[in-house]
Amino acid sequence: MFKSIRWKITLAFVLLVLATELVIGAFNIFGIVNNYHREFSDAVNSVFTTDIKNDLLAAANEITIPIGDDDGSSIVIEESSYNNVNLINNVLSSHAGALGITASRIYFILDGSTGEVLHSSNGAAETEPTPVLLNALAGEESRETGITKTYMDYALPLTNGDTVKYVVYINDNCQMQISLTRSIINILWISLLLALIVSAVVGSLIAKSVTVPIQLLSVQARKLADGDINALQKSDSKDEIGNLTNSLIYLAHARKQSSDQAMGEKIKVETILQNMNDGILAFDMKGKLIHFNREAKRLLNRQYLDDIKFNSFFKEINANITLGDLLYMQPDGSVEREIKLANQYLRFNFATFKVDNKVGGIIVIIHDVTKQEKLEQSRRDFVANVSHELRTPLTTIKSYSETLADMPDVDRELQIRFLDVIASESDRMARIISDLLTLSELDENQTYIKPPETIDVRKMLESIVERMGMTAKKKSQSLTYHPINEVPVISGDYDSLERIIINIVSNALKYTREGGRIEVYSSKVYNDICIKVVDNGIGIPEDKLPHIFDRFYRVDRARSRDTGGTGLGLAIAKQALESCFNGKIKIASEFHKGTEVTITIPVAE
C-alpha cells in the first residue's frame, strides 16, 4: 500500500504534523522543567544571603547564661542544643514562603557530627545522604539543581570554628514538576491523536489531487514504451502534468533516434572487445557475469563462461579476492592478482565501473604474462647461478689463503700446490667474468660497433683444427676437418665466429673419451653455410637437451668444473651467432653415443 505515491504523500504530511507537535511538546516540557529548577536556585539565592547565613550561625552558636543561686556559687554558661535548633528553625520558618516550602520541598536541621535529623518542616525523622549533604557535613556549602536529576537539594553547614555543629538541608523531590509534566504529556497525546486524524484526511485529499492524473499518465506512458507513439496527445495544460505529458511525447521521438545511435555504438564496442588481445570479464553488483570476449574464454581455457559467479569462480582459481573487497574496500581503485592457471601465468586487473555516477559492477582485464614471468624467472635463476658460480672459487681461494696464513712454516712443495689452486680458481673467476661481459655486450648488440671483416670460413676451420689438434693428441683423440663443398667468403665479426667454433670444438674434446673421434664439416646448402662438429663422446641425455643453451647450465656439474667450464659457452655461442650473423645453432645427441652440433649462417644473395 505504501508503495503508492498517494500514500507516501499522505504519510509524509502526517509525519510532518506529528513531528511538529512533538517538537512543540518537547520544548514546553523542557521549559517547565528548566523553569522549576531555576526557581529553586533563585529561591535559595534570595533567602540565603550573607545576613541570613550570619543569623543562622548566631542561632547555631547561641548560649544560655542561667541566673546564679543565692548561696553565692559561680554561674555556669550552658549551650542548649534544643534552644539552638529552635532558633535555627525560627529563622528558616520565617522564610519558608520565600523558599517555597511545601510537601515536596522540605527543609531539615541535622546534627553536624552525626548527621541525625533534629528537626524537619514536615516532621520527617530521616533523609537520604546525598552528595550535597555529605559535602555539607564535611564543612562545604553545596547544591544540586541539574535538570537531569530527579531531585534538587541545598545544604549549608553551620560551624563553630572548624567544627560543623548543624547543617541546614533543603530537599525538593520534584513531585510537583513530575505531576505537571505528566499532565502536559497527556494533553500532548490527545493533541497528537487529533492531529493524526486531521492530517491523514487532509493529506489524503491533497495526494489524490496529484496522483490521479499521474496514474492516467502512467497508463499512457506504458503504451508509449510499447512503441505506440500516438498513445499521448499534446497537452495544452500549463501545470506540471501538462509539461510532463509534452516531455514524454518529445522523449518518445528522441528515443528512436538515440536507440539507433546506441545500437551502432554497441556494435562498435562489441567488435573492439571481441578482437582485443586481452580477456575481458564484466560482472554486475551481485557477481553475475554480464559480458565476456573470446580471448577470456581462451585464456581461462573454458568453453562456457555464462554460469560463473564472481566469488565462487575466483575462489576456484585461488585469486584470493571477493566482490566485497572491490565494492567496499577499493570502490575507486584497482586491484591486481597474478595466478598460475595450468601452464599459463595470468594477471587479473580488477576495477569497478560506474553507471549513472554509481558503482554498477566490476570489470576484469586478463593479461597473459607467461612470457614475462618466464623471463623474470630466468633472470632470478641467472642471478642465483652467478652468485653460486662466483662463491665456489672464492670459497676455495679463501680457504687455501687462510690455511697458508695459519701455517707460515709449511714446506715449499705444499705452498706451491696451494698457490696453484688459488691461481686456478682466480683464472676460473676471470673466465666467468669475461664470459658474463661477453654476454652483456651481446645482449646490448655492442658487437655491431665493430666494422665487418672478411671471413674465409674454410681457412678459419683449418686453422682451428690445426691449433686444437695438439690438445686432441694428448688424449689420443682424432680431430679432422672435412670440407664437403666450396663455402663462400662472408663478412662479419671474425673473432666472434672463431670463438663460437672454438667453444664447440673444445666441448667436443672435453666430453669425448680418450681415443675418441671429433670431425668438423663445412658445406653450402642452398643459401646457408653449414658447419658441423660431430663426436662420439659421452653424449647428452634427451631430457637435458632443452636446457643446453641456458646460462650456467651443465649436464654434469662436477665434470664441467673439473674441465674448467663456466656453463656459459653455449649460451655465448648461441647469442653471438644470432646477434652477429643472424645464424642458428642446433644440437642433436644420443646419450653414450655422441653429439652433433650444427651451425647455419645465411649468405646474402
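Owing to the predicted nature of the structure, the values given are computational and were not obtained by experimental measurement.
- Residues Glu295 and Ile280 have side chains not in contact (no heavy-atom distance under 4.5 Å, counting atoms from C-beta outward).
- Of all heavy-atom pairs spanning Ala195 and Val17, the tightest one is CB-CG1, 3.6 Å.
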N/O donor to acceptor pairs below 3.5 angstrom from side-chain atoms of residues 44-51, sequence neighbours left out:
{"from": "Asn45", "atom 1": "OD1", "to": "Arg143", "atom 2": "NH1", "distance (Å)": "3.0"}
{"from": "Asn45", "atom 1": "OD1", "to": "Arg143", "atom 2": "NH2", "distance (Å)": "2.8"}
{"from": "Asn45", "atom 1": "ND2", "to": "Ser41", "atom 2": "O", "distance (Å)": "3.1"}
{"from": "Ser46", "atom 1": "OG", "to": "Asp42", "atom 2": "O", "distance (Å)": "3.1"}
{"from": "Ser46", "atom 1": "OG", "to": "Ala43", "atom 2": "O", "distance (Å)": "2.9"}

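- Asn318 has its side chain out of reach of Ile339: every pair of non-hydrogen atoms, C-beta onward, lies at least 4.5 Å apart.
- Interatomic distance, CG of Leu188 versus CG of Leu22, reported as 6.0 Å (0.5 Å rounding).
- Atom OG1 of Thr20 sits about 10.5 Å away from atom CG of Leu15, to the nearest 0.5 Å.
- Between the side chain of Thr370 and the backbone N or O of Tyr345 there is at least one donor-acceptor pair closer than 3.5 Å.
- Judged by distance alone, the side chains of Ser183 and Asn186 never bring a donor and an acceptor atom under 3.5 Å apart.
- Residues Thr181 and Ile184 are not in side-chain contact: their nearest non-hydrogen atoms beyond the backbone lie 4.5 Å or more apart.
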>> For Phe292 and Arg302: C-alpha separation, side-chain torsions, deciding distance, then whether side chain to side chain contact (heavy atoms under 4.5 Å, CB included) applies.
In response: CA-CA 12 Å; Phe292 61 88; Arg302 292 174 72 110; over 6 Å; no
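- Glu144 places a side-chain N or O within 3.5 Å of a backbone atom of Gly146 that can act as its donor or acceptor partner.
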> Does the side chain to side chain contact (heavy atoms under 4.5 Å, CB included) test come out yes or no for Asp278 and Ile366, once each step is laid out?
Replying inline: CA-CA 6 Å; Asp278 295 322; Ile366 310 171; 6.0 Å; no
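- Side-chain N or O atoms of Asn61 include one that pairs as donor or acceptor with a backbone N or O of Thr159 at under 3.5 Å.
- For Glu126, the CD atom is loosely surrounded, since the number of other residues' heavy atoms within 6.0 Å does not exceed 12.
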> Does the pair Arg337 and Arg347 meet the rule for a side chain to side chain contact (heavy atoms under 4.5 Å, CB included), with working shown?
Replying inline: CA-CA 6 Å; Arg337 294 284 188 276; Arg347 179 184 297 138; over 6 Å; no
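- A distance of 3.0 Å separates OG1 in Thr322 from CG in Asp325, rounded to the nearest 0.5 Å.
- Interatomic distance, Ile290 CD1 to Met285 CE, rounded to the nearest 0.5 Å: 11.0 Å.
- A donor and an acceptor atom, one from each side chain of Tyr169 and Asn171, are located under 3.5 Å apart.
- One distance of note links CD of Gln344 with CG of Leu300; it measures 8.5 Å at 0.5 Å rounding.
- Atom OG in Ser401 sits 10.0 Å away from atom CG in Leu394 (nearest 0.5 Å).
- Asn311 contributes a side-chain N or O that, together with a main-chain N or O of Leu323, makes up a donor-acceptor pair within less than 3.5 Å.
- Counting heavy atoms from C-beta on, the side chains of Leu118 and Ile88 never come closer than 4.5 Å.
- Listed here is the closest heavy atom pair of Phe353 and Ile362: CE2-N, 3.3 Å.
- In this structure, Phe310 has its ring center closer than 6.0 angstrom to the ring center of Phe314.
- Between Glu128 and Leu133, the shortest heavy-atom distance links the atoms O-CD2, 3.8 Å.
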> What do the steps show when you test Glu141 against Lys53 for side chain to side chain contact (heavy atoms under 4.5 Å, CB included), and what is the final call?
Replying inline: CA-CA 11 Å; Glu141 182 181 359; Lys53 290 178 181 179; 3.1 Å; yes
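- The 12-atom threshold is not exceeded at CG of Asn301, counting heavy atoms of other residues, nucleotides or ligands nearer than 6.0 Å.
- Closest heavy-atom contact between Ala136 and Val167: CB-CG1, 3.8 Å.
- For the pair Val164 and Ala138, the tightest heavy-atom approach, listed with the atom from each and the gap, is CG2-C, 4.5 Å.
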Identify every side-chain donor-acceptor pair in residues 95-108 under 3.5 Å, counting partners at least two apart or on other chains, and give the distances.
{"from": "His95", "atom 1": "ND1", "to": "Val91", "atom 2": "O", "distance (Å)": "2.9"}
{"from": "Thr102", "atom 1": "OG1", "to": "Ser104", "atom 2": "N", "distance (Å)": "3.3"}
{"from": "Thr102", "atom 1": "OG1", "to": "Ser104", "atom 2": "OG", "distance (Å)": "3.3"}
{"from": "Thr102", "atom 1": "OG1", "to": "Arg105", "atom 2": "N", "distance (Å)": "3.3"}
{"from": "Arg105", "atom 1": "NE", "to": "Asp172", "atom 2": "OD2", "distance (Å)": "2.6"}
{"from": "Arg105", "atom 1": "NH1", "to": "Glu39", "atom 2": "OE1", "distance (Å)": "3.3"}
{"from": "Arg105", "atom 1": "NH1", "to": "Glu39", "atom 2": "OE2", "distance (Å)": "3.3"}
{"from": "Arg105", "atom 1": "NH1", "to": "Leu99", "atom 2": "O", "distance (Å)": "2.8"}
{"from": "Arg105", "atom 1": "NH2", "to": "Glu39", "atom 2": "OE1", "distance (Å)": "2.8"}
{"from": "Arg105", "atom 1": "NH2", "to": "Asp172", "atom 2": "OD2", "distance (Å)": "3.0"}
{"from": "Tyr107", "atom 1": "OH", "to": "Asn89", "atom 2": "OD1", "distance (Å)": "2.6"}

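- When each of Leu299, Ile317, Val369 is tested with Leu346 by the rule side chain to side chain contact (heavy atoms under 4.5 Å, CB included), just one qualifies, namely Leu299.
- Formation of a donor-acceptor pair under 3.5 Å by the Asp153 side chain with backbone atoms of Ile170 is not found in this model.
- The two residues Leu281 and Ala296 have their closest heavy-atom pair at CD2-CB, 3.9 Å.
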